[in-house]
Amino acid sequence: MTEQPITNHDDFATAIARIKRESTRPIVLVGLMGVGKSTVGRRLASMLSRDFVDADDAIEEAAQRKISEIFDEFGEAYFRDGERRVIARLMEEHSGVIATGGGAFVDDDTRALILDKAIAVWIDCDIDTLVARTSRRNTRPLLRTGDPKEILTRLYNEREPFYSQAQIRVQSMDGPHSDVAHRIIEAIDQCM
Ligand code: S3P
């Protein structure tokens, strides 16, 4: 389902209280690089008084290597295997909010696991905003191999059929990330 307009303060407080009371599933954020999964995830977790974990950070910690080093030394397939194991573990350990790397939900096994155990939220965003946001850091191996706009456009087209399987979709605009977190709460409340 797609998001509805932001509701008033009382409705929002009621939505938060209901999710806290009734939902035990982790909330897993999926979507392309640069959509703001980590920042939105932190805001969302804090609004819901839950813990937050970034799967890419957990992978780096488990491998004792940067993501770019894992890609360089072992290749993408090896990274995806580790990513699947780490996300499975995080979903067991955390009932809060988990931000995943942009390719995680494209992997059939990882996606099946997330859909089975969590509430998957696709944060969607237009390509120009993604290009602007991702150009601020050079830490993403997949964007180093060519023109970022072309790569992001190709990835968007390839991945959209997978991302759209998430139970919830919200649009990230150029506004504050807390607005996105707010709309995620409303959307979860509406589909409970
Ligand atoms: C990737 C996205 C990255 C990271 C890795 C691969 C992808 O995470 O997992 O570089 O395949 O889109 P972010 O989406 O957090 O940048």
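Just follow the structure's listing: the first ligand is 1, and inside any ligand the first atom is 1. All values below were derived from every heavy atom in this structure, side-chain atoms included, with hydrogens, water molecules and symmetry-related copies excluded. A quick note: this is a predicted structure, and the numbers were derived from the prediction, not measured.
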>> Checking side-chain polar atoms at under 3.5 Å, does Arg169 have a donor or acceptor matched by the opposite partner on Gln167?
In response: no
> Could you give all pairs that pass the side-chain hydrogen bond (donor to acceptor under 3.5 Å, both in side chains) test and reach residues 34-45, with sequence neighbours left out?
Replying inline: Ser38-Asp54
> Is there a side-chain contact between Tyr163 and Leu32 (heavy atoms, below 4.5 Å)?
Replying inline: yes
>> Show every side-chain hydrogen bond (donor to acceptor under 3.5 Å, both in side chains) that has at least one partner inside residues 101-111, sequence neighbours left out.
In response: Arg84-Asp107, Asp107-Thr110, Asp108-Arg111, Arg111-Gln165
>> Side chains of Tyr156 and Asp124: any donor to acceptor distance under 3.5 Å?
In response: yes
Please tabulate protein-ligand N/O pairs under 3.5 Å for ligand 1, atom names and distances to 0.1 Å.
| from | atom 1 | to | atom 2 | distance (Å) |
| --- | --- | --- | --- | --- |
| ligand 1 | 8 (O) | Asp56 | OD2 | 2.7 |
| ligand 1 | 9 (O) | Asp56 | OD1 | 3.0 |
| ligand 1 | 9 (O) | Asp56 | OD2 | 3.1 |
| ligand 1 | 11 (O) | Arg80 | NH2 | 2.7 |
| ligand 1 | 11 (O) | Gly103 | N | 3.4 |
| ligand 1 | 11 (O) | Arg159 | NH2 | 2.8 |
| ligand 1 | 12 (O) | Gly103 | N | 3.4 |
| ligand 1 | 12 (O) | Arg159 | NH1 | 2.7 |
| ligand 1 | 12 (O) | Arg159 | NH2 | 3.4 |
| ligand 1 | 14 (O) | Lys37 | NZ | 2.5 |
| ligand 1 | 14 (O) | Gly102 | N | 2.8 |
| ligand 1 | 15 (O) | Asp56 | OD2 | 3.2 |
| ligand 1 | 16 (O) | Arg140 | NE | 2.6 |
| ligand 1 | 16 (O) | Arg140 | NH2 | 3.3 |

Would you give me the side-chain donor-acceptor pairs under 3.5 Å for residues 65-72, sequence neighbours excluded?
| from | atom 1 | to | atom 2 | distance (Å) |
| --- | --- | --- | --- | --- |
| Arg65 | NE | Glu73 | OE1 | 3.0 |
| Arg65 | NE | Glu73 | OE2 | 3.3 |
| Arg65 | NH2 | Glu73 | OE1 | 3.3 |
| Glu69 | OE1 | Lys66 | N | 3.0 |

